[in-house]
2 protein chains.
Amino acid sequence: MNLQDRLVSTLKQNGYSLTKPRQALFSALQAGKPRSMRELTLDLESVMDRASIYRTIAIFERLGIVVRVQQGWKYKIELSDKFSPHHHHITCLRCGKIISFDEPAGIEKILDDIALQYEFVQKNHSLELEGYCSNCKN
Amino acid sequence: MNLQDRLVSTLKQNGYSLTKPRQALFSALQAGKPRSMRELTLDLESVMDRASIYRTIAIFERLGIVVRVQQGWKYKIELSDKFSPHHHHITCLRCGKIISFDEPAGIEKILDDIALQYEFVQKNHSLELEGYCSNCKN
DNA sequence: TATAATATTGCAAATTTGTCGCAATAATTG
DNA sequence: CAATTATTGCGACAAATTTGCAATATTATA
């Protein structure tokens with residue numbers, strides 16, 4: 001099942017329909033990079049209202065379609081693991097460059113153990129690194 | 001050196017002094033749990049101005065005294081590793097309960113490898129789990 | 001496919017969150 | 001203690017986010 005279909009079915013299952021604005025927002029996120037609210041509103045202001053962007057993101061987040069990732073002061077929005085390959089970020093504190101990397105080997109077992117220890121049913125996790133990239137490390 | 005002294009010396013070294021408001025904010029964070037801006041302003045509004053809370057947090061953050069952690073929708077403020085034991089969180093998606101846990105064994109090596117791979121000088125990292133706690137998992 | 005019922009959106013207004021300038025107060029220096 | 005510098009409160013401002021409601025689009029039903 002492709003992304004589009006998965007989107008539709010996720011919405012449908014929860015009583016929502018895929019409208020043009022929702023489609024537009026989803027598309028805007030498909031580029032893959034985390035986007036700030038400001039970027040999203042600028043990109044989409046000709047297509048949909050600011051308020052609708054917020055409302056749609058709230059829905060998408062509740063349905064697990066998108067997630068917020070905190071990066072320093074601001075947060076950004078990106079597609080969740082269900083709609084893009086699971087990954088994490090390493091962010092440069094100086095220039096802001098963001099690199100995505102795959103789930104490191106060995107992490108899963110560690111997290112499973114933690115969830116078990118605290119009797120949690122683990123749903124998702126985030127791992128964010130910060131530091132200075134090769135250009136900025138001096 | 002106790003926390004108090006470490007706070008004073010961190011401030012001093014950077015040309016700041018420990019004032020009553022700064023003390024109050026620091027104390028408010030000592031409870032250990034991450035606090036939202038809203039919680040902090042409510043707690044401290046009789047003691048210090050809203051603007052000063054923001055200014056003080058900006059300073060504390062710049063000096064590495066506090067960090068922001070993203071938890072679901074909002075971010076929260078808590079003391080950094082330098083002023084409280086390094087730890088991570090597992091948060092219940094339903095009731096909001098937050099449990100802190102220590103750095104899991106094996107993580108450090110994994111992160112070092114990643115930083116090395118992308119030629120980053122690693123400064124800090126965050127690991128957040130979400131799921132359903134024992135009370136809410138049903 | 002037309003109609004009724006429901007969901008979604010845009011728009012404007014309200015609220016909340018975060019920032020700024022500046023005069024008053026507190027802390028530090030000599 | 002006086003002078004200098006740092007910090008705060010206050011009010012105004014700006015940006016971000018939320019809300020109510022009427023207009024529009026979508027879905028369900030006949």
Side-chain angles (χ1 to χ4, degrees), chain A residues 4-5 7-29 34-63 65-78 96, chain B residues 4-5 7-29 34-63 65-78 96:
Chain A
Q4 218 36 229
D5 294 342
L7 174 62
V8 173
S9 89
T10 302
L11 288 168
K12 276 273 171 0
Q13 279 171 24
N14 291 277
Y16 296 100
S17 54
L18 178 59
T19 63
K20 241 167 282 178
R22 286 170 188 163
Q23 176 65 261
L25 177 56
F26 186 79
S27 298
L29 291 168
R35 319 288 306 276
S36 68
M37 262 317 184
R38 165 170 282 272
E39 290 168 334
L40 287 174
T41 50
L42 287 177
D43 283 3
L44 296 172
E45 67 186 351
S46 62
V47 183
M48 68 192 292
D49 190 73
R50 237 189 15 264
S52 295
I53 298 180
Y54 281 100
R55 281 187 286 229
T56 305
I57 286 183
I59 292 171
F60 279 12
E61 193 173 36
R62 192 147 38 77
L63 302 190
I65 297 169
V66 303
V67 295
R68 296 181 182 223
V69 300
Q70 178 80 13
Q71 291 181 332
W73 284 81
K74 310 279 183 180
Y75 68 81
K76 296 190 172 182
I77 308 288
E78 69 175 8
Chain B
Q4 221 33 229
D5 295 341
L7 175 61
V8 173
S9 89
T10 302
L11 288 169
K12 276 270 170 3
Q13 279 170 25
N14 292 277
Y16 296 100
S17 54
L18 179 58
T19 62
K20 239 167 282 177
R22 285 171 188 163
Q23 176 66 262
L25 178 55
F26 186 79
S27 297
L29 292 168
R35 318 288 305 276
S36 67
M37 262 318 184
R38 165 171 282 272
E39 290 168 334
L40 287 175
T41 49
L42 287 177
D43 283 3
L44 296 172
E45 65 187 351
S46 62
V47 181
M48 68 192 292
D49 190 70
R50 214 159 47 86
S52 295
I53 298 181
Y54 281 100
R55 280 187 288 230
T56 305
I57 285 185
I59 292 170
F60 279 12
E61 193 173 35
R62 193 148 38 76
L63 302 190
I65 297 169
V66 303
V67 295
R68 294 176 188 232
V69 300
Q70 178 78 15
Q71 287 181 335
W73 203 241
K74 309 276 185 185
Y75 70 78
K76 298 190 172 181
I77 308 288
E78 69 174 7

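Within every chain, numbering begins at 1; the chains are lettered A, B, ... in the order of the sequence lines, protein sequences first and strands thereafter.
At whole-Å resolution of the value, CD in Glu45(B) and C1' in dT16(C) are 14 Å apart. Rounded to whole angstrom, the span from the CE atom of Met48(B) across to the C1' atom of dG9(D) amounts to 10 Å. The CZ-P distance, from Arg38(A) to dA14(D), rounds to 14 Å in whole Å. Atoms CG (Asp49(A)) and C1' (dC21(D)) sit 14 Å apart, rounded to a whole Å. The interatomic distance linking Ile57(B) (CD1) with dT8(D) (P) rounds to 13 Å, in whole Å. For Ile53(A) and dT19(D), the CD1 to P distance is 17 Å, given to the nearest whole Å. Note: NZ (Lys76(B)) to P (dT17(C)) measures 13 Å, nearest angstrom. In this structure, Leu25(A) atom CG and dT8(C) atom P are separated by 14 Å, rounded to whole Å.
Applying the side chain to side chain donor-acceptor pair (under 3.5 Å) test to Arg55(A) and every residue at least two apart in sequence or in another chain returns nothing. Residues passing the ring-ring contact (aromatic ring centres under 6.0 Å, His included) test with Tyr16(A): none are found, sequence neighbours excluded. The side chain to side chain donor-acceptor pair (under 3.5 Å) test applied to Arg35(B) returns Asp43(B), not counting sequence neighbours. With sequence neighbours excluded, the residues that form a side-chain contact (heavy atoms from CB on, under 4.5 Å) with Ser36(A) are Arg38(A), Glu39(A), Lys76(A). Residues passing the side-chain contact (heavy atoms from CB on, under 4.5 Å) test with Val8(B) are Lys12(B), Leu18(B), sequence neighbours excluded. Partners of Thr10(B) under the side-chain contact (heavy atoms from CB on, under 4.5 Å) rule, at least two apart in sequence or in another chain, are Asn14(B), Leu63(B), Ile65(B), Phe83(B). Asp49(A) meets the salt bridge (charged side-chain N to carboxylate O under 4.0 Å, His left out) test with no other residue; sequence neighbours excluded. Glu45(A) meets the salt bridge (charged side-chain N to carboxylate O under 4.0 Å, His left out) test with no other residue; sequence neighbours excluded. Residues satisfying the side-chain contact (heavy atoms from CB on, under 4.5 Å) criterion with Arg50(A), sequence neighbours excluded, are Thr41(A).
Contact annotation: Tyr54(A) reaches the phosphate of dT17(D) (side-chain N/O to OP1 or OP2, under 4.0 Å). Within the structure, a side-chain polar atom (N or O) of Tyr75(A) is placed less than 4.0 Å from OP1 or OP2 of dT17(D).
The end-to-end axis angle of the helix from dT1(C)-dA30(D) to dG30(C)-dC1(D), rounded to 10 degrees and based on five pairs per end, is 40°.
Side-chain atoms of Arg22(A) come within 3.5 Å of backbone atoms of Ser17(A) as a donor-acceptor pair (strictly under, hydrogens ignored).
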Pull out every protein N or O sitting under 3.5 Å from an N or O of nucleotides 21-23 of chain C, one pair per line with the distance.
{"residue": "dG21(C)", "atom": "O6", "partner": "Arg55(B)", "partner atom": "NH1", "Å": "3.4"}

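Non-hydrogen atoms lying under 4.0 Å from DNA chain D are contributed by Tyr16(B), Ser17(B), Thr19(B), Pro21(B), Arg22(B), all within residues 15-24 of chain B.
Across all non-hydrogen atoms, the minimal contact from Val69(A) to Pro34(A) is CG2-CB, 4.2 Å.
Across the interface with DNA chain C, nearest-nucleotide mapping of Ile59(A) and Arg50(B) shows Ile59(A) to be the residue nearer the 5′ end.
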